[in-house]
Amino acid sequence: MSMLQAHAIDAITQLANSFESVTLVKLGCSVLAAITVAALLYTNEKSNSFVVFVWACFVKPFTPSSRKVHNDHQNNLEGFYKTQAKVYDTTREILLQGRDDALKLAYSHAMANKSENSKGKKLVWVDIGGGTGLNIEKMDKNVAKLKDSFEAVYLVDLSTSLCEVAKERVAKYGWKNVHVICGDACDFELPHKNVDLITFSYSLSMIPLYHSAIDHAETLLNPDTGIICSVDFGVQSESNSIGRTNTLGGMVNRHVPWIFRTFWRLWFELDKVFLDPSRREYLEYKFGTVKSLNCYNRTLGKIPYYIWIGVNKQDDAQLVYRFNSLATESPYLAPIDPKKSQSAVIEDTPVSKALEAALDNAKKGLPYPSLFYQRQTWRVYYDELADDYDCFKNQYIYAFTWEDPREDANILKLTSKDTVLAITSAGDNILSYATLPNAPRRIHGVDLNPCQGHLVELKLACLTALSHEETWMIFGEGKIENFREVLINKLSPHMSSNAFQYWMTRGGKAFNPNGKGLYDTGSTRWALRLARYVFAITGLTETVERLVTAKTLIEQREIWDQNIRPVLYSAIVGKLFVGNQVFLWKALGVPANQAAMMDTSILQYIIDTLDPVIGNSLLSTDNYFYYLTLKGKYSPSNCPDYLTKQGFKTLSRKQNSPLEGIRLHTDYLNNVLRRLSKKTISVAVIMDHMDWFDPKGEDVNDEIDALYGALCEGGRVMLRSAAQVPWYIKNFEARGFVCKPAATRLSGKMIDRVNMYASTWICKKIPTSNGRKMSTIDLDKI
């Protein structure tokens with residue numbers, strides 16, 4: 001028997017004797033003893049490492065000698081690490097999860113955050129509590145070569161035993177720019193005034209004076225572009241977040257249930273590892289949160305851990321840019337000094353929710369809302385815990401957009417002087433406007449569903465950071481082999497923490513190459529699934545495939561008329577699905593108010609929609625809407641504008657990209673309109689939004705008034721409706737608009753490639769002359 005094995009068995013005996021009267025502890029000891037004895041049956045290196053791990057972490061803490069606490073923290077560390085320093089890395093790989101992801105996130109953000117005058121310069125990195133140097137090895141092997149990316153790397157740790165292992169690792173790999181400092185995290189010194197990257201990797205939970213360690217890190221971090229990262233155990237709860245949720249970067253999985261909070265906190269304290277929430281909370285108080293991820297180590301019983309990325313909360317370079325270009329057209333968003341009184345703000349001047357939240361946080365000494373520290377300004381601040389979002393159940397409705405942007409462009413004739421406000425949906429139309437030769441200078445996307453914003457953020461990030469081939473795989477095919485790696489390494493610096501959390505938890509399934517892909521997600525997936533089911537049980541699956549690959553309109557019409565149409569419009573299918581009110585709402589998202597506006601029966605409405613499309617638009621090459629619904633993916637020659645090579649090239653250019661003018665609002669349309677500066681919108685595209693209103697209510701008039709206030713003189717509203725003449729047109733006309741149909745769908749005729757609506761309208765704000773509205777006669781002269 002080896003000396004190590006003898007120590008283990010002796011420790012187990014001491015443990016049992018120490019707790020003779022505690023039945024549960026004795027039971028636990030028996031289990032641990034059994035595990036240890038089983039490991040003793042093997043003599044290889046991994047088995048011996050496992051014995052040491054069990055002894056040091058699960059047995060030794062109960063022994064009388066280990067329960068004694070020294071005032072010298074270095075002695076405490078050595079007492080814990082001395083016997084396991086050599087096997088530390090072998091035994092911690094399963095326990096300390098998330099380190100690779102944290103390093104990749106930290107590095108990608110540090111590189112993206114570099115200022116223009118520091119491009120090409122190498123980073124300076126400090127790994128506080130770096131232990132054996134395994135993090136540095138992981139960075140070199142899996143993320144970025146040390147010699148190519150870092151001017152200097154400093155490993156700081158108070159344990160002499162772990163530092164010795166780190167020095168051996170440095171010598172083994174011949175790293176000339178890596179320096180090991182055996183010192184206190186609270187007061188170590190560096191030859192550099194500022195550093196670009198600071199990491200705490202499962203070390204903050206073991207530092208008693210963590211306030212001092214975090215304060216010291218703050219003094220070292222480059223105030224403008226530095227990135228700080230922590231990956232560690234933590235037991236946050238909802239109650240810990242009251243009053244500061246907007247600083248946290250999203251609440252997905254942040255709440256740890258009571259049983260896990262209590263059990264793991266007590267368990268780890270036996271090894272002097274502290275999972276109390278205060279450590280993470282102090283990080284989130286001292287720094288602005290850029291990314292936040294809440295996870296569980298499910299391999300070892302759902303141990304909660306987090307990955308967090310932060311920046312200087314007052315001086316980060318992104319703050320000035322954020323204040324100058326965030327969200328709306330209100331001049332009181334930029335530039336401001338939150339430390340000074342804003343007495344110059346006129347009470348009746350629109351003020352954004354973002355500004356209100358920023359000023360409120362500044363008064364309390366809190367960081368600004370997490371959205372303020374994001375690299376891009378696409379996403380406008382919103383309170384993710386607002387009750388208004390609960391109805392969406394954390395999922396988007398539309399994975400693609402139904403309206404035809406080609407007709408939008410033909411009707412609206414947009415120019416670079418326009419400021420457009422549109423319903424966000426899946427963002428396809430917004431991106432199509434941005435690909436126009438004279439793209440609007442600003443495009444506001446508005447949607448109450450936060451997840452629609454998360455989807456569009458993902459598209460914007462892909463257009464910014466990926467190649468056309470990668471973007472095509474994600475949104476053309478709807479599947480990609482390594483989505484998680486792409487999200488962490490390339491996309492994360494260009495997304496808000498809220499959107500990043502969403503796609504980290506859902507993206508793997510949505511883009512799984514072995515699954516059905518992106519376009520089988522969202523609430524509308526039920527309509528597509530049902531369509532496939534109907535085709536399957538009626539034996540039309542192969543026929544539908546022939547329909548979407550037809551080479552000519554004649555061939556397409558023949559397949560439709562002879563094979564598909566008779567089945568689709570049959571009495572059984574028509575009654576159960578196509579003409580069913582429940583199906584319309586649950587699967588297609590058509591509410592009762594809109595269905596009531598149809599001038600014909602529901603079945604006839606569907607016939608008037610589909611028959612003209614089949615007769616006039618070739619699905620295989622020039623109708624990506626129906627091609628997608630039937631194939632579940634796009635083709636390179638039949639896809640939205642942002643996925644074409646030319647559209648991608650326009651949007652992804654580094655200088656003066658049209659994407660810079662996009663803003664995504666997560667709010668009611670009325671709220672956004674009223675917080676915009678008056679008369680700043682030239683075009684509002686509100687889709688079929690108003691069909692949803694109750695004709696007996698006042699909501700429609702409130703929205704028309706809000707549109708009137710936000711539109712400039714001569715500004716236009718474009719809307720679509722299930723009715724040829726919507727009932728609310730008279731409301732527009734009564735409130736200062738002149739309204740004309742841009743297209744009216746007649747039986748057998750197609751007004752656009754979707755042809756889903758009975759009419760398209762343009763409502764133009766009547767200009768004023770000497771404070772009075774002009775007559776329609778005068779308007780015709782304009």
Side-chain angles (χ1 to χ4, degrees), residues 53 57-58 80 88-89 91-107 109 127-132 134-135 138-139 142-143 185 198-207 210 213-214 217 227-238 240-241 248-284 287 289-310 370 484-485 487-488 492 497 500-506 508:
F53 173 66
C57 294
F58 299 109
F80 183 71
Y88 182 85
D89 295 336
T91 59
R92 293 310 198 280
E93 197 64 28
I94 297 177
L95 178 64
L96 308 182
Q97 293 189 358
R99 289 181 293 176
D100 288 286
D101 289 345
L103 289 173
K104 291 171 184 176
L105 275 172
Y107 178 77
H109 282 75
D127 191 21
I128 300 177
T132 64
L134 182 61
N135 273 353
K138 285 177 176 288
M139 178 73 82
N142 304 331
V143 185
I198 295 175
T199 54
F200 289 94
S201 181
Y202 285 98
S203 56
L204 200 58
S205 57
M206 298 193 70
I207 300 175
Y210 63 90
I214 293 172
I227 292 290
I228 183 168
C229 170
S230 177
V231 53
D232 212 331
F233 304 117
V235 288
Q236 266 58 44
S237 70
E238 292 174 346
N240 297 130
S241 307
L248 303 179
M251 298 292 289
V252 176
N253 294 331
R254 187 179 178 92
H255 178 77
V256 177
W258 177 86
I259 185 66
F260 293 110
R261 293 203 311 271
T262 305
F263 176 78
W264 288 119
R265 183 170 177 174
L266 293 175
W267 181 272
F268 277 93
E269 280 185 7
L270 296 173
D271 287 331
K272 301 179 180 63
V273 179
F274 302 97
L275 275 63
D276 57 279
S278 59
R279 284 165 164 75
R280 181 179 179 183
E281 289 168 4
Y282 193 60
L283 272 173
E284 294 167 330
F287 298 93
T289 296
V290 178
K291 292 293 181 300
S292 178
L293 196 62
N294 308 292
C295 314
Y296 285 101
N297 180 337
R298 299 183 184 276
T299 306
L300 295 178
K302 289 193 72 173
I303 305 174
Y305 71 94
Y306 67 91
I307 300 173
W308 174 89
I309 305 288
S370 176
R484 194 172 189 276
E485 289 296 306
L487 178 64
I488 292 173
S492 60
S497 183
F500 176 72
Q501 282 187 0
Y502 184 85
W503 290 112
M504 278 293 287
T505 57
R506 293 172 176 259

Between Val273 and Trp267, does the side-chain contact (heavy atoms from CB on, under 4.5 Å) criterion hold? Intermediate values first, please.
CA-CA 9 Å; Val273 179; Trp267 181 272; over 6 Å; no
Heavy-atom donor-acceptor pair, [X] side chain to [Y] backbone, under 3.5 Å:
X      : Y      : answer
Arg279 : Asp276 : no
Lys291 : Ser492 : yes
Asn297 : Pro304 : no
Gln236 : His255 : no
Arg261 : Val256 : yes
Asp101 : Gly98  : no
Thr199 : Cys229 : no

Residues passing the salt bridge (Lys or Arg N to Asp or Glu O under 4.0 Å) test with Glu281, sequence neighbours excluded, are Arg244
Compare all side-chain heavy atoms of [X] with those of [Y] and state whether any distance is below 4.5 angstrom.
X      : Y      : answer
Val235 : Asn240 : no
Ser292 : Arg280 : yes
Asn142 : Leu103 : no
Arg99  : Asn135 : yes
Trp308 : Asp232 : no
Phe287 : Ile214 : yes
Phe260 : Leu275 : no
Leu300 : Leu95  : yes

If you measure from [atom1] on [X] to [atom2] on [Y], what distance do you get to the nearest 0.5 Å?
X      : Y      : atom1 : atom2 : result
Ile228 : Ile309 : CD1   : CD1   : 9.5 Å
Lys138 : Asp127 : NZ    : CG    : 12.0 Å
Lys104 : Arg484 : NZ    : CZ    : 8.0 Å

Residue pair [X] / [Y]: nearest heavy atoms and the distance that separates them:
X      : Y      : result
Glu93  : Gln97  : O-CG, 4.4 Å
Ser497 : Val290 : CB-O, 3.4 Å
Leu204 : Ser230 : CD2-OG, 4.3 Å

Derivation of the side-chain contact (heavy atoms from CB on, under 4.5 Å) call for Val231 and Tyr306
CA-CA 6 Å; Val231 53; Tyr306 67 91; over 6 Å; no
Ser370: which residues meet the side chain to side chain donor-acceptor pair (under 3.5 Å) condition with it, sequence neighbours left out?
Gln374
Given Gln501 and Met251, is the side-chain contact (heavy atoms from CB on, under 4.5 Å) satisfied, shown in steps?
CA-CA 9 Å; Gln501 282 187 0; Met251 298 292 289; 5.7 Å; no
Of Asn294, Ile488, Leu105, the one forming a side chain to side chain contact (heavy atoms under 4.5 Å, CB included) with Ile307 is Leu105
Tell me, yes or no, whether the heavy-atom count around Leu266 atom CG, taken from other residues, nucleotides or ligands under 6.0 Å, exceeds 12.
yes
Aromatic ring proximity, centroids under 6.0 angstrom, Tyr296 and Tyr305:
no
Suppose we screen for side-chain contact (heavy atoms from CB on, under 4.5 Å). Which residues come up paired with Thr505, at least two apart in sequence or across chains?
Val252, Asn253
Taking the six-membered ring for Trp, are Trp264 and Phe268 parallel (under 30°), tilted (30 to 60°) or perpendicular (over 60°)?
tilted
With under 30° as parallel and over 60° as perpendicular, where do the rings of Tyr210 and Tyr282 fit, or are they tilted in between?
perpendicular
Ion pair Glu284/Arg254, N-O distance below 4.0 Å:
yes
Quick one: does NZ or CZ of Arg265 land under 6.0 Å from the six-membered ring centre of Phe274, within 45 degrees of the ring axis?
no
